Amino acid sequence: MPSRKPSIGGNWKMNLDTAGVKELTADLVNAVDAATTEAVDVTVFPPFPYLAPVAGALCDAGSQIRVGAQDAWAGPNGAFTGEVSLAMLKDVGVNTLLVGHSERRHVVGEGDTLVNAKLLAALDAGFEVVLAIGETLEQREAGQTDAINWGQMGYGLAGVSAQQMAKVTIAYEPVWAIGTGKTATPEDAQKAHAAIRAFLRTGLFNDAVADAVRIQYGGSMKPGNAKDLVGQPDIDGGLIGGAALKADDFAAIIAAARATA
Ligand code: PGA
């Protein structure tokens with residue numbers, strides 16, 4: 001089986017304040033050492049106001065934990081009130097962009113075309129990209145899990161070359177499992193991940209891309225279930241929400257991923 005470096009993301013969503021961000025960042029620096037970041041790629045996604053301080057604190061501490069943004073505008077700087085450009089993000093030390101998260105798809109109303117535009121712009125700007133995909137409960141119950149994942153990948157990755165895929169991570173996040181405490185069983189998650197990888201292999205790209213792309217699982221991943229999830233052959237890490245707000249829990253999940261490396 002091809003070996004892929006595990007990849008763990010911490011999606012802080014719209015949580016914390018200045019003091020909480022400072023404390024969590026310092027705790028993460030202590031809990032996640034250099035040997036760990038050698039073995040596992042770790043990225044945190046703070047809210048916009050905290051990106052610069054978190055990037056600065058991690059850099060000052062010599063940490064290899066990367067900083068990602070939860071969203072960005074797909075175009076260059078200019079007259080777009082309220083938006084934040086990739087150039088600005090890069091300027092403050094951000095090198096990863098999360099696109100397609102279900103809260104942006106289903107709460108904010110972002111469609112596949114916009115997700116694709118952001119992903120292409122981020123790759124053009126030299127960012128790593130995490131493309132989140134996943135089905136709702138209704139879609140799962142209708143047997144549409146793979147079709148939804150394939151559709152969101154087909155649209156989301158339109159125009160991306162096989163070479164550019166080296167900078168893309170897929171995050172499979174069944175919508176019904178996000179923040180609900182309900183986790184896909186390791187077997188169900190593995191089944192979905194295998195189908196995602198098969199589509200990369202035969203539908204969109206080739207063997208080399210399919211074997212190399214990391215596919216994270218997201219949806220109520222916690223220290224207690226991380227080992228069984230990341231132990232599956234096609235699960236290469238996780239995108240963590242709630243448990244990423246506690247340094248010890250996040251570090252325990254990273255340790256579980258490291259144990260598989
Ligand atoms: P959760 O969130 O771990 O709180 O379910 C995951 C995510 O939305 O990325």
Side-chain angles (χ1 to χ4, degrees), residues 6-16 20-21 24 28 31-32 40-48 50-51 54 65-72 94 96-110 115 118-119 122 128-137 139-140 145 148-149 152-153 156 168-186 188-189 192-193 196 214-230 232 235-257:
S7 170
I8 298 282
N11 179 5
W12 296 0
K13 307 193 180 185
M14 199 173 73
N15 289 298
L16 301 168
V21 163
L24 178 56
L28 281 179
V32 182
V40 182
D41 285 334
V42 180
T43 306
V44 291
F45 296 85
F48 282 131
Y50 307 119
L51 286 168
V54 170
I65 298 174
R66 303 163 195 211
V67 183
Q70 298 171 23
D71 188 30
V94 174
T96 304
L97 181 67
L98 175 59
V99 297
H101 191 279
S102 76
E103 284 143 23
R104 296 213 59 87
R105 292 182 190 269
H106 299 293
V107 183
V108 183
E110 280 188 17
V115 171
K118 291 180 179 183
L119 182 141
E128 303 269 333
V129 181
V130 178
L131 170 63
I133 60 172
E135 84 286 4
T136 62
L137 185 58
Q139 291 163 337
R140 166 160 288 252
T145 298
I148 295 297
N149 287 336
Q152 291 180 352
M153 285 164 71
V168 176
T169 299
I170 307 287
Y172 167 59
E173 301 203 296
V175 179
W176 48 273
I178 297 177
T180 57
K182 287 185 200 146
T183 317
T185 63
D188 280 347
H193 279 234
I196 289 165
R214 274 92 55 90
I215 307 174
Q216 301 173 330
Y217 169 81
S220 300
M221 198 189 267
K222 306 179 267 287
N225 59 26
K227 184 170 166 271
D228 287 343
L229 287 161
V230 297
Q232 300 295 318
I235 302 183
D236 308 309
L239 183 57
I240 324 299
L245 297 172
K246 293 182 200 123
D248 287 349
D249 285 358
F250 192 53
I253 294 170
I254 296 167

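Whatever order the structure lists them in is the order used to number ligands and atoms, beginning at 1. Keep in mind the model is a prediction, meaning the values are calculated, not measured.
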*asked:* So for atom NZ, which belongs to Lys227, do other residues, nucleotides or ligands contribute more than 12 heavy atoms lying within a distance under 6.0 Å?
replied: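 Counting neighbours around NZ of Lys227, 12 or fewer heavy atoms of other residues, nucleotides or ligands fall under 6.0 Å, so no.
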*Under a strict 4.0 Å criterion on non-hydrogen atoms, which protein residues are in contact with ligand 1?*
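Lining ligand 1 at under 4.0 Å, by heavy atoms, one finds Asn11, Lys13, His101, Glu173, Ala177, Ile178, Gly179, Gly219, Ser220, Leu239, Ile240, Gly241, Gly242.
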_Quick check: closest heavy atoms across Val67 and Thr43, and the distance to 0.1 Å?_
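Closest pair (atom of Val67, atom of Thr43, distance): C-CG2, 4.0 Å.
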*Could you tell me which non-hydrogen atom of Lys182 sits nearest to which non-hydrogen atom of Trp176, and how far apart they are?*
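Minimum heavy-atom separation between Lys182 and Trp176: CB-O, 4.1 Å.
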*Can you name the salt bridge (charged side-chain N to carboxylate O under 4.0 Å, His left out) partners of Arg140, sequence neighbours left out?*
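With neighbours one apart ignored, the set is Glu135, Asp188.
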_Separation between CG of Asp236 and CG of Leu229, rounded to the nearest 0.5 Å_ =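 Reported value, rounded in 0.5 Å steps: 12.5 Å.
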*asked:* As an exercise, state the distance from OG1 of Thr183 to CG of Asn225, rounded to the nearest 0.5 Å.
replied: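 The OG1 atom of Thr183 sits 4.5 Å away from the CG atom of Asn225.
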